[in-house]
Novice: 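Have a look at the structure that comes next, please.
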Amino acid sequence: MIIKRFKAENFRNIEKCDIEFSPGVNLLYGKNAQGKTNVVEGIYYFSRGKSFRGREDKELVRFGSEGFRIHLEYRSDMGDESLEYAMFGKERLRKKNDYKISKVTEMIGSFKAVLFYPDDLGLVKDGPEERRGFLNVAASACYAPYIKYYSDYKKALENRNCILKMMQKGLPIDMREIESWSDSMAEYASHIYLFREDYVRRLTKYAGAILKEISDGGEELGLSYESSVAPGMTDRQAVKEEYRRILTSSLDREIAAGVTLFGPHRDDLEIKINGKSARSFASQGQQRSIVLALKLSEGEVIKEMCGEYPVFLFDDVLSELDERRRKYVLSEIGERQIIITCCDRGECVGFTDNEIEVSGGRYVSSYR
Ligand code: ATP
Ligand code: MG
């Protein structure tokens with residue numbers, strides 16, 4: 001997948017831009033607060049259907065304007081494609097290949113990108129929530145129904161938690177209601193479990209080899225999916241039954257806690273380095289290498305499952321990597337397209353195919 005062009009109007013600090021990208025390595029460079037991440041945010045919007053900075057759409061509107069428009073042209077195995085999104089007050093306009101589409105779910109799924117940005121560096125050391133977030137984003141790029149199962153699961157979880165809170169307070173409830181939510185949760189959880197199991201198995205295949213290569217053969221990576229259900233189950237009905245059994249048998253504890261204690265919302269991705277918990281023992285450099293290996297592997301799994309590489313968006317993380325790892329990222333490109341942002345142009349000398357100077361929401365390209 002290759003981005004050819006990104007256009008934006010009144011998006012963040014960009015009044016108007018029209019940026020062309022090359023295959024290979026594209027560098028957006030410039031001082032702080034000039035609009036480098038804003039471009040990455042605009043591009044990635046088409047991959048997730050929302051901003052990765054987790055804000056509401058209206059925050060994306062340039063100060064003093066009424067709305068914004070973003071437009072992406074890219075080449076995929078399907079041919080030349082385009083996506084457009086605009087908001088103006090309460091109005092939303094979405095287009096795919098110049099045809100209007102109504103739902104955000106129709107917009108996402110066709111353009112695939114892997115984002116690596118500074119917050120990701122916490123993936124190893126931070127709590128399980130970060131790693132679940134990684135699994136959710138990565139798995140939803142590979143399995144189309146994943147998002148729907150996950151959002152249905154979350155709704156059922158909220159409802160079940162509401163009832164548990166009532167029970168904790170001694171309020172009267174209809175037992176059939178909690179049983180019905182437990183059943184829904186077990187159903188959705190079984191799908192999520194199987195997707196995550198499959199995803200982690202595929203990811204492991206690549207991540208170990210990549211880590212070995214960027215660490216000069218020194219480090220051994222271990223990844224395992226930790227869930228309430230035993231690992232390695234493959235029969236969905238059996239997984240569902242297991243979730244039901246867990247939810248039923250732990251009801252007393254859950255009433256006391258007032259929340260659901262078991263299920264995919266409590267899962268983790270355990271990361272080991274040389275046989276030891278990376279969360280407890282990995283050094284700063286090792287953490288960075290692991291996250292880099294995970295991100296590159298995320299792209300490999302997309303290639304394996306969808307037939308082509310996603311676009312790699314590296315926002316401000318290159319300076320965090322040492323020379324060796326930086327070279328690995330920039331030189332072993334093959335057919336991949338990479339868009340990198342950094343302040344110091346010198347960090348990428350000799351590796352770029354296109355360099356774009358960013359200043360005050362303006363973009364000036366110099367092809368090499
Ligand atoms: P850094 O190197 O620090 O990461 P950057 O070039 O990536 O900088 P961006 O995050 O792309 O910077 O852009 C930040 C600029 O955009 C800031 O000056 C910020 O005030 C401005 N900005 C953010 N949101 C809006 C908005 N809605 N309207 C106008 N300007 C905005
Ligand atoms: Mg930035």
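Atom set for the values below is all heavy atoms of this structure, side chains included, hydrogens, waters and symmetry mates excluded. We count ligands from 1, going down the list as the structure has it; atoms in each ligand are counted the same way.
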Novice: Quick test: of every protein heavy atom, which one is nearest to atom 3 (O) of ligand 1, and how far off is it to 0.1 Å?
Specialist: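 Result: Asn32 ND2, 3.0 Å.
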Novice: Does even one non-hydrogen atom of Arg53 get within less than 4.0 Å of ligand 1?
Specialist: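 In this structure, Arg53 qualifies as a contact of ligand 1 - some heavy atom is under 4.0 Å.
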Novice: When only distance counts, is Lys36 in polar contact with ligand 1, meaning an N/O pair under 3.5 Å?
Specialist: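 Yes, there is a polar N/O contact under 3.5 Å.
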Novice: What's the spacing between Glu41 CD and Leu115 CG if we round to 0.5 Å?
Specialist: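 That separation rounds to 10.0 Å.
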Novice: Kindly indicate, with the supporting measurements, whether the criterion ring-ring contact (aromatic ring centres under 6.0 Å, His included) is fulfilled by Phe68 and Tyr85.
Specialist: CA-CA 8 Å; Phe68 73 83; Tyr85 178 65; 5.8 Å; yes
Novice: Counting heavy atoms only, name the option from Phe68, Phe63, Tyr117 that's nearest to atom 25 (C) of ligand 1.
Specialist: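 Looking at heavy atoms only, Phe63 sits closest to atom 25 (C) of ligand 1.
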Novice: Please list the nearest protein heavy atom to atom 23 (C) of ligand 1 with its residue and the distance rounded to 0.1 Å.
Specialist: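 For atom 23 (C) of ligand 1, the nearest protein heavy atom is Arg12 CD, 3.7 Å.
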Novice: What residue and heavy atom of the protein are closest to atom 9 (P) of ligand 1, and at what distance?
Specialist: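 The closest heavy atom on the protein side is Asn38 OD1, 3.5 Å.
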Novice: When Asp18 is tested against each of Arg5, Lys4, Lys7 for salt bridge (charged side-chain N to carboxylate O under 4.0 Å, His left out), which residue passes?
Specialist: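 That would be Arg5; it is the only one of Arg5, Lys4, Lys7 passing the salt bridge (charged side-chain N to carboxylate O under 4.0 Å, His left out) with Asp18.
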Novice: Return the residue, atom name and 0.1 Å-rounded distance of the protein heavy atom closest to atom 21 (C) of ligand 1.
Specialist: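 For atom 21 (C) of ligand 1, the nearest protein heavy atom is Asn13 CB, 3.8 Å.
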Novice: Any ion pair linking Arg75 and Asp80 (charged N to carboxylate O, less than 4.0 Å)?
Specialist: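 Judged by the 4.0 Å cut-off on N to carboxylate O distance, Asp80 and Arg75 do not form a salt bridge.
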Novice: Can a side-chain donor-acceptor contact be found between Ser289 and Arg325 if the only test is distance below 3.5 angstrom?
Specialist: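 Yes, Ser289 and Arg325 have a side-chain donor paired with an acceptor closer than 3.5 Å.
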Novice: Establish, from distance only, whether the side-chain atoms of Asp315 and Tyr44 form a donor-acceptor pair under 3.5 Å.
Specialist: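 Tyr44 and Asp315 do not have a side-chain donor-acceptor pair below 3.5 Å.
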Novice: Quick check: does Thr37 have an N/O/S atom under 2.8 Å of the Mg ion (ligand 2)?
Specialist: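 Thr37 does place an N, O or S atom closer than 2.8 Å to the Mg ion (ligand 2).
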Novice: Less than 4.0 Å is my threshold; does some heavy atom of Val358 fall inside it relative to ligand 1?
Specialist: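 It does not; every heavy atom stays at 4.0 Å or beyond.
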Novice: Evaluate the side-chain proximity of Ile70 to Glu84: yes if any heavy-atom separation is below 4.5 Å, no if none is.
Specialist: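 A side-chain contact is absent here, since even the closest heavy-atom pair is not under 4.5 Å.
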Novice: So, taking the atom named CG in Leu123 and the one named CG in Leu269, what distance separates them when rounded to the nearest 0.5 Å?
Specialist: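 Rounded to the nearest 0.5 Å, the CG-CG separation comes out at 8.0 Å.
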Novice: Side-chain contact, heavy-atom cut-off 4.5 Å: Leu211 with Ile273?
Specialist: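 In contact.
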Novice: Using the benzene-type ring in the case of Trp, are the ring centres of Phe111 and Phe46 under 6.0 Å apart?
Specialist: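 No: the rings miss the under 6.0 Å criterion.
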Novice: Using a strict cut-off of 4.0 Å, indicate which atoms of ligand 1 neighbour a heavy atom of Gln34.
Specialist: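 Listed by number with element: 5 (P), 6 (O), 12 (O).
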Novice: Is the distance between the ring centroids of Phe21 and Phe6 under 6.0 Å?
Specialist: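 Here the rings of Phe21 and Phe6 have centres that are no less than 6.0 Å from each other.
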Novice: What atoms in ligand 1 come closer than 4.0 Å to a heavy atom of Gly35?
Specialist: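 Under 4.0 Å from Gly35, ligand 1 has these atoms: 5 (P), 6 (O), 9 (P), 11 (O), 12 (O), 13 (O).
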Novice: Within ligand 1, which atoms have a heavy atom of Glu59 less than 4.0 Å away?
Specialist: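 Ligand 1 atoms under the 4.0 Å threshold to Glu59: 27 (N).
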Novice: Taking only non-hydrogen atoms of Cys343, do any sit less than 4.0 angstrom from ligand 1?
Specialist: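 The answer is yes, since Cys343 has a heavy atom less than 4.0 Å from ligand 1.
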Novice: I'd like to check which ligand 1 atoms, numbered from 1 as shown, lie under 4.0 Å from a non-hydrogen atom of Thr37.
Specialist: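 Contacts of ligand 1 toward Thr37, numbered from 1: 4 (O), 5 (P), 7 (O), 10 (O), 11 (O).
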Novice: Which ligand 1 atoms does Val61 reach within 4.0 Å, using its non-hydrogen atoms?
Specialist: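 Taking each heavy atom of Val61 in turn, ligand 1 has 26 (C), 27 (N), 28 (N) under 4.0 Å.
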Novice: Please check atom 19 (C) of ligand 1 for a protein heavy-atom neighbour under 4.0 Å.
Specialist: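 No, no protein heavy atom sits under 4.0 Å from atom 19 (C) of ligand 1.
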Novice: Taking the minimum heavy-atom distance to atom 15 (C) of ligand 1, which of Gly30, Gly42, Ala33 ranks first?
Specialist: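 It is Ala33 that holds the nearest heavy atom.
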